Amino acid sequence: TRPGGEIAGGQAGERVVFRRSDSATASGSVKGTGRNVGGLVGDNRDNGTITTVSASVSVTGTDAEKVGGLVGRNSGSIQNATASGSVKGTEFVGGLVGVNFANITDSSASGSVSITGTGQFEFGSAGGLVGLNDGNITDARASGSVTGQDSDSETFGRVGGLVGRNGLDGIVQDTFAVGSVTGDDFEGGTGGLVGQSSGIVEQSYFDTTRSGTNQTTSAGNATGLTTA
């Protein structure tokens, strides 16, 4: 267990850089408060490159925004990365990355994701891969369940199998999600792939047979398919 304050990560609080020939793994649990809580890195900044890494970490952000199974906040580059631990947070929660402002390619997440919006955090978003995306996501996949629930055990929206909210600058391409999604369509949007989108979603798919009885649709231009 690695506790932390406002920036917490299994290996580095702020930025960690791995060359393409290197690899890193993290396991165990990480707990943090405030912001930028990740299984491997709390905050991967502009020049940070994370490649060929994996994290099997249970990540918990208490009264925390930007919480991810691998990275809390990403404004650098993430390539060939996987995360498999459960992730819980209060605002902007993702199975791989809490908030993405840059590039994620060839990466996946399989852990369950849950968001509990309270107080100042009640307008957050949760995704099987990324909670809030205002960058580029390409060749990515998510298979964990995603649940949005507030402090009164009421469901809320901006919950997606891959991305909770895809912002105006967000681009999602060549992706898919197969996890169940639980949220409220009247509170910002809930979708099999993307909960709410103002950006671009292309060549991306979600499994309608595993997305929950009310999640046969998705924000953006995602396509629902069955496994039958």
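Throughout, residue positions are numbered sequentially from 1 according to the sequence presented. Only heavy atoms go into these numbers, but all of them, side chains included; no hydrogens, no water, no symmetry mates. Quick caveat, the model's predicted, so the values are computed rather than measured.
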Asker: How close do Ala83 and Gly69 get, counting heavy atoms only, and between which atoms?
Answerer: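 It is CB-C, 4.0 Å.
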Asker: Output the distance between atom CG (Asp174) and atom OG1 (Thr138), rounded to the nearest 0.5 Å.
Answerer: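 OG1 of Thr138 is found 7.0 Å from CG of Asp174.
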Asker: How long is the gap from CD1 on Ile104 to CG on Asn80, to the nearest 0.5 Å?
Answerer: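 Separation between the atoms: 13.0 Å.
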Asker: Taking C-beta and beyond as the side chain, do Val71 and Ile50 meet within less than 4.5 Å on heavy atoms?
Answerer: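 Yes, at least one pair of side-chain atoms sits under 4.5 Å.
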Asker: Just by distance, do the side chain of Thr90 and the backbone of Ala64 share a donor-acceptor pair under 3.5 Å?
Answerer: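 Looks like yes, one N/O pair under 3.5 Å.
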Asker: Distance check, rounded to the nearest 0.5 Å: Tyr205 atom OH versus Leu193 atom CG?
Answerer: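 Between atom OH of Tyr205 and atom CG of Leu193 there are 11.0 Å.
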Asker: Give a yes or no answer on whether the side chain of Asp134 reaches the backbone of Asp169 with a donor-acceptor pair at less than 3.5 Å.
Answerer: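 The answer is yes, because a donor-acceptor pair under 3.5 Å joins these two groups.
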Asker: Please determine which of Asn44, Asn166, Asn74 meets the side-chain hydrogen bond (donor to acceptor under 3.5 Å, both in side chains) test together with Asn100.
Answerer: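 By the side-chain hydrogen bond (donor to acceptor under 3.5 Å, both in side chains) criterion, Asn100 pairs with just one of Asn44, Asn166, Asn74: Asn74.
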Asker: Could you tell me which residues satisfy side-chain contact (heavy atoms from CB on, under 4.5 Å) with Asn103, sequence neighbours excluded, listed by chain and number?
Answerer: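 Listed in chain order: Asn136.
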Asker: Tabulate below the donor-acceptor pairs under 3.5 Å that side-chain atoms of residues 105-113 make, not counting sequence neighbours, or state none.
Answerer:
residue	atom	partner	partner atom	Å
Ser107	OG	Ala81	N	3.1
Ser107	OG	Thr105	O	2.8

Asker: So, Thr33 versus Asp63: side-chain donor-acceptor pair below 3.5 Å or not?
Answerer: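 No, Asp63 and Thr33 have no side-chain donor paired with an acceptor closer than 3.5 Å.
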Asker: Are the side chains of Leu129 and Val97 in contact, using a 4.5 Å heavy-atom criterion?
Answerer: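 A side-chain contact is absent here, since even the closest heavy-atom pair is not under 4.5 Å.
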Asker: Looking only at heavy atoms, what is the nearest atom pair of Ala142 and Gly128, with distance?
Answerer: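 Ala142 and Gly128 have their closest heavy atoms at CB-C, 3.7 Å.
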Asker: Would you say Arg158's side chain and Gly124's backbone share a donor-acceptor pair under 3.5 angstrom?
Answerer: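 It does hold such a pair.
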Asker: Measuring from Phe206:CZ to Thr209:OG1, what's the distance to the nearest 0.5 Å?
Answerer: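 The distance works out to 10.5 Å.
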Asker: If you look at every heavy atom in Val59 and Gly38, which pair is closest and at what distance?
Answerer: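 Taking Val59 first and Gly38 second, the nearest heavy atoms are CG2-C, 4.3 Å.
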Asker: Give the minimum heavy-atom separation between Thr82 and Leu70, together with the two atoms involved.
Answerer: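 Reported closest heavy-atom pair: O-CD1, 4.0 Å.
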Asker: Is it the case that Thr175 and Ser204 place a side-chain donor and acceptor less than 3.5 Å from each other?
Answerer: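 Judged by distance alone, the side chains do pair up.
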Asker: Which residues pass the side chain to side chain donor-acceptor pair (under 3.5 Å) test with Ser54, not counting sequence neighbours?
Answerer: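 Side chain to side chain donor-acceptor pair (under 3.5 Å) list for Ser54, sorted by chain: empty.
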Asker: Go through Thr147 and Ile115 one step at a time and tell me if the side-chain contact (heavy atoms from CB on, under 4.5 Å) criterion holds.
Answerer: CA-CA 6 Å; Thr147 303; Ile115 180 172; over 6 Å; no
Asker: Could you work out, with side-chain contact (heavy atoms from CB on, under 4.5 Å) as the rule, every residue matching Ser198, not counting sequence neighbours?
Answerer: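 Applying side-chain contact (heavy atoms from CB on, under 4.5 Å) to Ser198 gives Leu168.
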Asker: Ignoring hydrogens, what is the shortest heavy-atom contact between Leu132 and Phe92? Give both atom names and the distance.
Answerer: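 Leu132 and Phe92 have their closest heavy atoms at CB-CD2, 3.8 Å.
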Asker: When you check the side-chain N and O atoms of Ser77 and Gln79, is any donor under 3.5 Å from an acceptor?
Answerer: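 Yes, side-chain donor-acceptor contact under 3.5 Å.
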Asker: With sequence neighbours left out, write down each residue that passes side-chain contact (heavy atoms from CB on, under 4.5 Å) with Ala219, or none if nothing qualifies.
Answerer: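 Ala219 satisfies side-chain contact (heavy atoms from CB on, under 4.5 Å) with Val194, Ser197 once adjacent residues are dropped.
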Asker: Taking it one step at a time, do Asn133 and Val172 satisfy side-chain contact (heavy atoms from CB on, under 4.5 Å)?
Answerer: CA-CA 9 Å; Asn133 178 54; Val172 178; 3.8 Å; yes
Asker: On a heavy-atom basis, which atom in Val93 and which in Ser114 lie closest, and how many Å separate them?
Answerer: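 That would be CG1-O, 3.9 Å.
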Asker: Is Thr208 reaching over with its side chain to a backbone N or O of Leu225, donor-acceptor style, under 3.5 angstrom?
Answerer: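 Yes, the answer is positive, given that a donor and an acceptor are paired below the 3.5 Å cut-off.
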Asker: Can you list every salt bridge (charged side-chain N to carboxylate O under 4.0 Å, His left out) pair that touches residues 73-89, not counting sequence neighbours?
Answerer: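 Sorted pair list: Asp43-Arg73.
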Asker: Can you tell me how far CZ of Phe101 sits from NZ of Lys66, rounded to the nearest 0.5 angstrom?
Answerer: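 Nearest 0.5 Å value for the NZ-CZ distance: 6.5 Å.
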Asker: Nearest 0.5 Å, please: how far is CG in Leu40 from OG1 in Thr25?
Answerer: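 CG of Leu40 is found 8.5 Å from OG1 of Thr25.
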Asker: With side-chain contact (heavy atoms from CB on, under 4.5 Å) as the criterion, how do Val130 and Ile137 come out once you've worked through the C-alpha distance, each side chain's angles and the decisive distance to 0.1 Å?
Answerer: CA-CA 9 Å; Val130 174; Ile137 300 174; 3.8 Å; yes
Asker: Would Gln173 and Glu202 count as having a side-chain donor-acceptor pair, cut-off 3.5 Å?
Answerer: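 Yes, side-chain donor-acceptor contact under 3.5 Å.
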